[in-house]
Amino acid sequence: MVDRGASALSLPDDWPAHPDPILALNRMGSFDWDLDTGLVHMDAQAQEVFDLHPDEYDGNPASLASRFPRAEGHRLDALVAQAIKDGSENYGTYFRLRRRDGSLRWTHTQGYIRRDETGRPRRIIGIIRDATQELDELNMRQERAAQDAARRRQTNVVQLTTAALAHARTVDDVIDVLKDTHGLTHLGAAGLVMGLVEAGRIRLIAEGPAGFAPGARVSRIDEPYPMCEVVRTLSPRFIESPEEFAERYPLLWPHITGLDITAAAYLPLIAEARPIGAVGLLYSDRRGFSPEDRNVLIALGSSIAQSLMRAMLYEQDKDLATGLQQAMLPRTIPSVPGADVAVRYRSASLGRDIGGDWYDLIPLPGGRVGAVIGDVQGHDTHAAAVMGQLRIVLRAYAAEGHTPATVMARASVFLHELDTDRFATCLYAEADLSTGVVQVVRAGHIDPLIRQPDGDCRRVSVEGGLPLGLSAEFGRLEYPVTTIELDLGHTLLLCTDGLIERPGADLDDGMRTLMAMITTGPDDVCALADRLIDVAEDRGGDDDVALLLLRRRGMDTPQPGGRLQQHVAPGDPEALTEARHMIRAAVDAWGAGDLADEVELVADELITNALIHTEGSAIVTLRALTGSDHRVRVEVEDSSSALPRRREAGESGVSGRGLLLVDLLADVWGVEARGVGKCVWSEFVVPERS
C-alpha cells in the first residue's frame, strides 16, 4: 500500500542535508585547526574566501601569510591567543584579507575552541565568510544614520535659532542671536557677515572674515561681491571650494586667501517681497553642500529675514515714539533764580507704544515756581496726546495765577470734557523760593520726597484728591493743599511710579528702595538724577519714568525785606487816604524818603485806575526788596482780567495820562495775571547814600 503522505511530500534523497552544502549556500567556508600539529584544514568555500586555488594551499598556515595585512595578522593572532589563554569557548571578529589582485575584502570568522579532559585546547573548529556586502550595508546604514542625526541636529539648530529670533527686538538682538552658541556656528559655520540694503547700497552691520573688500563697510549693489550678487538676483550662492571662490569672485578672493575659507553660503534676506539685506555663512572645514544642507540654510535665511524686518520696524517705531514723546515734553527747562533743577525722562521699551508721563517747570510771578509731575493712564499714542494737551492746560492755569487747588480742579474739568476715557494722576507743587514755603496738591499721584543736605531722605505725606478726570466725573473737585517748608539746601523730588514699581514688589518697598538710593546718591541734583534714571534703565520695565528735582539755594535776586498791605474799597476816601499815609511812612522807614513823592504818586494812580475801571476793591501791597540793589515795589491787585492800556488824552483832556506817568516815574513796571484778576506793579531803585 502506497504511503500517500510520503508521496505527496516528495522529500529529496539526501535529506537531511549535509552541513557543507548549507554553509556553501550561505557563502561560508569551514576550517579545522589542529593545535597539536599546527595544520589547518579548509574546505573549498573557505579557500575561495581567501581567494586561493586548491593547489595553492597545503594546510600550513604560513602559506596564508601573504593574504593577511601585517596589522590584521597581528590583531587576529592576539585575539586567538587571548581566547585560548582566558579559557574562552569561542571567539569572533571582522578582519581584512588581501585578494589576489591586491585589493582588500572584509571577512568575518568565528571559531569554537575544543579542549580535552584537562582543559588543554586541542582543536579550533570554525567558519569564515566574505563580509564585504554585510559591512557595506552596515556602513550605508551608519552613514544614513549619521546623515539623519546631522539633519536632526541642523533642524534642531534652526528651530532653536528661529525661536530665539522670535524674541529679538532690535537689529543688534538679531545679530547676537546668530552669534550665540545656539546660532549658526552649530551649523558648522566659522563666521558670518550681514548687510542691510539702504538707498541702493549694502551697509555692513555684522562683520565677518569675508563679505566686501577690507575697509569697505558700504558697497554698491552692482559691485562684484557675493552679498551684492544675491541681493541683485534674489537667489542664494553656495561656494563649495576655494577654487570656486577664487574663480567667481576674483576681486574679493585675494583679500581673504589667508583666512582658510573652504566654502561659503550667501543668502538673500527677503521680506515683504523685497530684499532687505544679505547674510553670508563662512566655513573653514567643509567642501560642498548637500541638497538637505541647502534647503536648511535657505529656510534659515527666510527666518532671519522676517526677524530682521520686525527688528527694523521696531527700531523705526521706537525712534518715532521717542521723538513724539520728547516733542510733547518741555524742550528746555527755564533757569529758576534761587534753585537748581534737574529733569529726566526714560521711555519704556515697548516699541511704538509710548506713555503719558510728563514733567514741567513753570516760572510764576513774585519769585515763585510751579513744579508738575503727572502720568496719563495707558501706554499708547492716545495717552501721549492727552498728556500733551493736559500739560499745556496745567501750565496755562498756573501762569494765570490760580491757586494750586484751583489749577488742579480746572485741569480735572478740562480732562473730563475732553471726551476721553483716560484719567491722569498728577502732583503740583508751587514753591516760593524766597521763603521756602511750598504748597502741594496731589491728584492720585505718589507722594513727593525731600532730601536734606546731609543726604537723609523723607517721604512727605500729602493729603490728596481723585485723579484728574475722575474728580470732575464724580463731582469731587476739592483738592486739599498741604504746605511744607523747603529749607536752603533741601531738594524736592517728584517722580512717576515707573521709578518705584518693580515686578513682584510692594509699592512701599519700592519707595524705601528709592529713598535709600537718594540717601547714598551724590549731592548735585544733575548727578543724582542721572543715577536714578540709570538705575531705572538697567532695571528695564514696561513703564515710562519722569523725574523732577528742585533744590533750593540762596536767592541771587532781590528778596522781601518788609511787606505792608492795605485794602481799599470803592467809595471809601478814608481807605485811600490811609493807603497814601502807609506808603509815605513805609518809604521813609525803609530809608527811601527821597522817593516818597514818586512812589505815592504812582501808587495813587494805580489805585485810582483800579477803583474807576474795575468797579471793585483794590489791594495795595508795598514791599521792600533787598539783594544786589535796594528796591521798593508797589503792587495793586483787582478782580478784573482786563489789562491796562495807554490812551491818547487829547490836548485839553486830563484822563489817559496815568500810565504815561507810571512809565515816567517808575524804574520798571508790569502786569501779572492772578487767576481771578490781575496785579499791576512798579519798582523803584533806592539810591545808595553817600
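Computation of the quantities below employed the complete heavy-atom set of this structure, encompassing side-chain atoms and omitting hydrogens, waters and symmetry-equivalent molecules. For reference, positions follow the sequence shown, starting with 1. As the structure is a computational prediction, the values presented were derived from the model and not from experiment.
- Taking all atoms of both residues into account, the shortest heavy-atom contact from G111 to I124 is CA-CG2, 4.2 Å.
- Checking I533, L499, V545 one by one against R344, the side chain to side chain contact (heavy atoms under 4.5 Å, CB included) holds for a single residue, I533.
- Using a 4.0 Å cut-off between charged nitrogen and carboxylate oxygen, R294 and E240 count as a salt-bridge pair.
- Although no hydrogens or angles enter the test, the distance criterion places no donor-acceptor pair under 3.5 Å between the side chain of R237 and the main chain of I239.
- Proximity of Q110 to M28: side-chain heavy atoms (C-beta onward) are nowhere separated by under 4.5 Å.
- Relative orientation of the F68 and F95 rings is parallel, given thresholds of 30° and 60° on the angle between their planes.
- The shortest side-chain heavy-atom distance between E56 and S63 does not fall under the 4.5 Å cut-off.
- When all heavy atoms of W33 and G38 are compared, the closest pair comes out as NE1-O, 3.7 Å.
- In this structure, CG in L300 is found 9.0 Å from OG in S302, a value given to the nearest 0.5 Å.
- Between T37 and D34, some side-chain heavy-atom pair lies under the 4.5 Å cut-off.
- Smallest separation of non-hydrogen atoms from C228 and R220: SG-O, 3.2 Å.
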**Message:** What verdict does the side-chain contact (heavy atoms from CB on, under 4.5 Å) test give for N295 and S290, after you've listed the backbone C-alpha separation in whole Å, the side-chain angles of each residue and the deciding distance to 0.1 Å?
**Reply:** CA-CA 9 Å; N295 290 336; S290 67; over 6 Å; no
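- Aromatic ring centres of Y112 and Y91: separated by at least 6.0 Å.
- At a threshold of 4.5 Å between non-hydrogen side-chain atoms, the residues R105 and D130 count as touching.
- D172 and T170 form no side-chain donor-acceptor contact under 3.5 Å, judged by distance and modelled atom types alone.
- Just one of R99, E72, R96 meets the side chain to side chain contact (heavy atoms under 4.5 Å, CB included) condition when paired with L104; it is R96.
- In this structure, I205 CD1 and L196 CG are separated by 3.5 Å, a value rounded to the nearest 0.5 Å.
- Once rounded to the nearest 0.5 Å, the distance linking CG of L281 with CG of D293 reads 11.5 Å.
- Although no hydrogens or angles enter the test, the distance criterion places a donor-acceptor pair under 3.5 Å between the side chain of T262 and the main chain of R286.
- Distance CZ/R512 to CD1/I500: 11.5 Å, rounded to 0.5 Å.
- Y345 and D357 share no side-chain donor-acceptor pair at under 3.5 Å.
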**Item:** Stepwise salt bridge (Lys or Arg N to Asp or Glu O under 4.0 Å) test for R287 and E243
**Value:** CA-CA 11 Å; R287 285 174 176 257; E243 295 77 16; 3.4 Å; yes
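- Without hydrogens or angle criteria, S303 side chain to A299 main chain gives no donor-acceptor distance under 3.5 Å.
- With ring centers used as reference points, Y249 lies 6.0 Å or more from Y266.
- A donor-acceptor pair is defined here as one N or O able to donate and one able to accept, closer than 3.5 Å; such a pair exists between the side chain of Q47 and the backbone of M42.
- Counting heavy atoms from C-beta outward, V535 and M517 have side chains that approach closer than 4.5 Å.
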**Request:** Could you walk me through whether L297 and F238 pass the side-chain contact (heavy atoms from CB on, under 4.5 Å) test, one step at a time?
**Result:** CA-CA 10 Å; L297 292 176; F238 295 96; 3.9 Å; yes
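- For the pair R203 and E198, the salt-bridge criterion is met [side-chain N within less than 4.0 Å of a carboxylate O].
- Atom CD of E247 sits in a sparse spot, with 12 or fewer heavy atoms from other residues, nucleotides or ligands closer than 6.0 Å.
- Counting heavy atoms from C-beta outward, F245 and I261 have side chains that approach closer than 4.5 Å.
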**Asked** Stepwise, does the side-chain contact (heavy atoms from CB on, under 4.5 Å) test hold for Q133 with W106?
**Response** CA-CA 9 Å; Q133 182 177 356; W106 278 102; over 6 Å; no
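- Counting heavy atoms from C-beta on, the side chains of V230 and P236 never come closer than 4.5 Å.
- Residues L252 and P226 share a closest heavy-atom pair of CD2-CD, 3.7 Å.
- V279 and M227 get closest at one heavy-atom pair: N-CE, 4.4 Å.
- We find the OG1-CE distance between T513 and M511 to be 10.5 Å, quoted to the nearest 0.5 Å.
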**Prompt:** So I113 and N90, side-chain contact (heavy atoms from CB on, under 4.5 Å) or not? Walk me through it.
**Reply:** CA-CA 6 Å; I113 303 174; N90 52 64; 6.0 Å; no
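- The backbone N or O of F50 lies less than 3.5 Å from a partner atom in the side chain of R67, making a donor-acceptor pair.
- Of the candidates R310, Q306, M312, M312 is the only one forming a side chain to side chain contact (heavy atoms under 4.5 Å, CB included) with L308.
- Looking at every heavy atom in both residues, V174 comes nearest to S307 through CG2-O, 4.0 Å.
- L514 has its side chain within reach of C495: a pair of non-hydrogen atoms, C-beta onward, lies under 4.5 Å apart.
- Side-chain atoms of T109 and R129 include no donor-acceptor pair closer than 3.5 Å.
- For residues 108-127, the pairs satisfying salt bridge (Lys or Arg N to Asp or Glu O under 4.0 Å) are D32-R123, D36-R120, D36-R122, D116-R122, with sequence neighbours left out.
- Looking at R531, its side chain does come within 3.5 Å of a backbone N or O of T520 through a donor-acceptor pair.
- Between R248 atom CZ and L251 atom CG the span is 14.5 Å, to the nearest 0.5 Å.
- A salt bridge does not link R232 with E223: every distance from a Lys NZ or Arg NE/NH1/NH2 to an Asp or Glu carboxylate oxygen is 4.0 Å or more.
- For the residue pair D43 / S30, a side-chain donor-acceptor distance below 3.5 Å is found, with atom types taken as modelled.
- Only one option out of I270, D222, L269, I202 pairs with V231 in a side chain to side chain contact (heavy atoms under 4.5 Å, CB included); it is I202.
- A distance-only check finds no donor-acceptor pair linking the side chain of T496 to the backbone of D375 [under 3.5 Å].
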